[in-house]
Asks: 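Before I ask anything, let me first share the structure, which is written out below as structure tokens.
Convention: sequence-line order gives letters A, B, ...; per-chain numbering from 1.
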Protein chains: 2
Amino acid sequence: MRHWFITADGSLKARWKKAFPNTAALTPDSLRGQVQLNDIVWLLTTVEEWSSLIDVATKQGAITVVMSYAADDREALKALDLGARGYVHTLAAPEVLKQVALVVANQGVWVGQALLAKVLGGSFKALQQRGERSTNHYSESLELLTEREMVVARAVAQGATNKEVARQLDITERTVKAHLSAIFRKLVVRDRLQLMLKLSTLTQ
Amino acid sequence: MRHWFITADGSLKARWKKAFPNTAALTPDSLRGQVQLNDIVWLLTTVEEWSSLIDVATKQGAITVVMSYAADDREALKALDLGARGYVHTLAAPEVLKQVALVVANQGVWVGQALLAKVLGGSFKALQQRGERSTNHYSESLELLTEREMVVARAVAQGATNKEVARQLDITERTVKAHLSAIFRKLVVRDRLQLMLKLSTLTQ
DNA sequence: CTATTTCATGTCCAACAGTACAATATTTAT
DNA sequence: ATAAATATTGTACTGTTGGACATGAAATAG
């Protein structure tokens, strides 16, 4: 089982070699005939080139993973729909690539956690034949927040401390706390970590 | 990390032991309190019992896989929607079970190929109009963490307090802090919020 | 014009988080 | 066998967080 990285110029990044010692880079043209059964093909080409490349690779029994700079759910779903078995960020660390390889090589599918929730939630409802529009109770609860609270919530969800938020917004730390208390009460979470989780399930 | 097979009578099939030497069978009642973080729970109960059992297992940080005789797509989606990470046939061979375990333990989701097509097809349409954004930047490695540290890191990334993690793992709060200090140092983050952010990108 | 909402700030305090010093037992590697 | 890594727990200390009391100004809705 070999790993092939398909890049426009056939270049091979060091971190890929670090992840998989027995690997090689290829240009899109030289893909056909090279790959074998259960090889893993990592595609770094443009969106336009996927379709045919995924097809070529899978026809030869290879497993395809699309790499992209844009962590775009729709793009990911398109790739998976076309036959790719994974969708991962281009700059993923060697350790992540290893995990992805492990999963896809074992018949699994690699998608982000956030995307997964959407996929399962969405499709489940789709199969249930429900005509209701996707009313995420989150957007409602988010609308409870005032403009200022929203800004604070976002900053905190990005990992900022109260002090940092205060500096960013040029207000005192006390005021940040006041906003946070209101946010916690409105969104029914106990602390900034739970807030982070709540926000991430919806804004990502 | 242990494997638990939940059956009505608490019986344990030979092929499960063959797949995972380090395993045990449980009845639905005895599930609570037994399983730990990152354990894998295989559910062989009736459909009616899933909901609560998946909930109990995941609340304790375990990964749930539903086993069923009926290869029913809708049943599978329901299981996954409830929080299960895999859906596999009850009579699956040991080799298959090992693969499933490998995939779900690495953040993957196990579903059949046929179901996958449906899921993606359905959700792709369902998700046509949603915007996305993302940020990815990391270099440090998850493999720097020991097994124990990994368990703590995941628990914290799910929003647990030190006290809660201590209770879950049946260790003192002080030990949790020790692990966390090691985690922070290794992953070069300053606190649990930054850890959360880092893990969410690493395991995306 | 008043009532309400939003935004800002203050002090006090208890709980939580994280580090700096440890120490000890077990397992793993050389 | 010895060294290194891992897992566990302890005390003491500092900084952060969030709630419980507040107050006051500006904007907005009725």
Asks: Could you check A:Leu82, A:Leu43, A:Val66 and say which one makes a side-chain contact (heavy atoms from CB on, under 4.5 Å) with A:Leu53?
Replies: A:Leu43
Asks: With a cut-off of less than 4.0 Å, is there a side-chain N or O of B:Ser181 near OP1 or OP2 of C:dT19?
Replies: yes
Asks: Test your reading of the model: is there a side-chain donor-acceptor pair from B:Glu149 to the backbone of B:Thr146, 3.5 Å cut-off?
Replies: yes
Asks: What does nucleotides 7-16 of chain C look like as a protein-contact string, B for base, S for sugar-phosphate only, - for none, at under 4.0 angstrom between heavy atoms?
Replies: SSBBB----S
Asks: Is there a side-chain hydrogen bond (donor to acceptor under 3.5 Å, both in side chains) between B:Arg192 and B:Asn162 once you walk through the steps?
Replies: CA-CA 10 Å; B:Arg192 58 211 300 120; B:Asn162 290 345; 2.9 Å; yes
Asks: Using whole Å, what does the distance between atom P of nucleotide D:dG18 and atom CZ of A:Arg192 come to?
Replies: 5 Å
Asks: Rounded at 0.5 Å granularity, tell me how far OG1 in B:Thr161 sits from CD in A:Gln194.
Replies: 9.0 Å
Asks: Looking at every heavy atom in both A:Arg148 and A:Leu169, which two are closest together, and how far apart are they?
Replies: NH2-O, 3.6 Å
Asks: Could you state the atom-to-atom distance from CZ of A:Arg185 to C1' of D:dG18 in whole Å?
Replies: 14 Å
Asks: If I take atom CD1 in residue B:Ile183 and atom C1' in nucleotide C:dA17, what distance separates them, rounded to the nearest angstrom?
Replies: 14 Å
Asks: Return the orientation label for the B:His3 and B:Phe20 ring planes: parallel under 30°, perpendicular over 60°, tilted otherwise.
Replies: parallel
Asks: Any side-chain N or O of B:Arg190 less than 4.0 Å from the OP1 or OP2 oxygen of C:dG18?
Replies: no
Asks: Atom CG of A:Leu145 and atom P of C:dT6: how far apart are they, to the nearest Å?
Replies: 10 Å
Asks: If you apply the rule side-chain contact (heavy atoms from CB on, under 4.5 Å), what do you find for B:Trp4 with B:Thr23, and how did you get there?
Replies: CA-CA 6 Å; B:Trp4 304 96; B:Thr23 187; over 6 Å; no
Asks: At under 4.0 Å between heavy atoms, how does the protein contact nucleotides 24-30 of chain C? Give one character per nucleotide, 5' to 3', with B, S or -.
Replies: -------
Asks: Is any side-chain N of the basic residue among A:Glu164 and B:Arg190 closer than 4.0 Å to the acidic one's carboxylate O?
Replies: yes
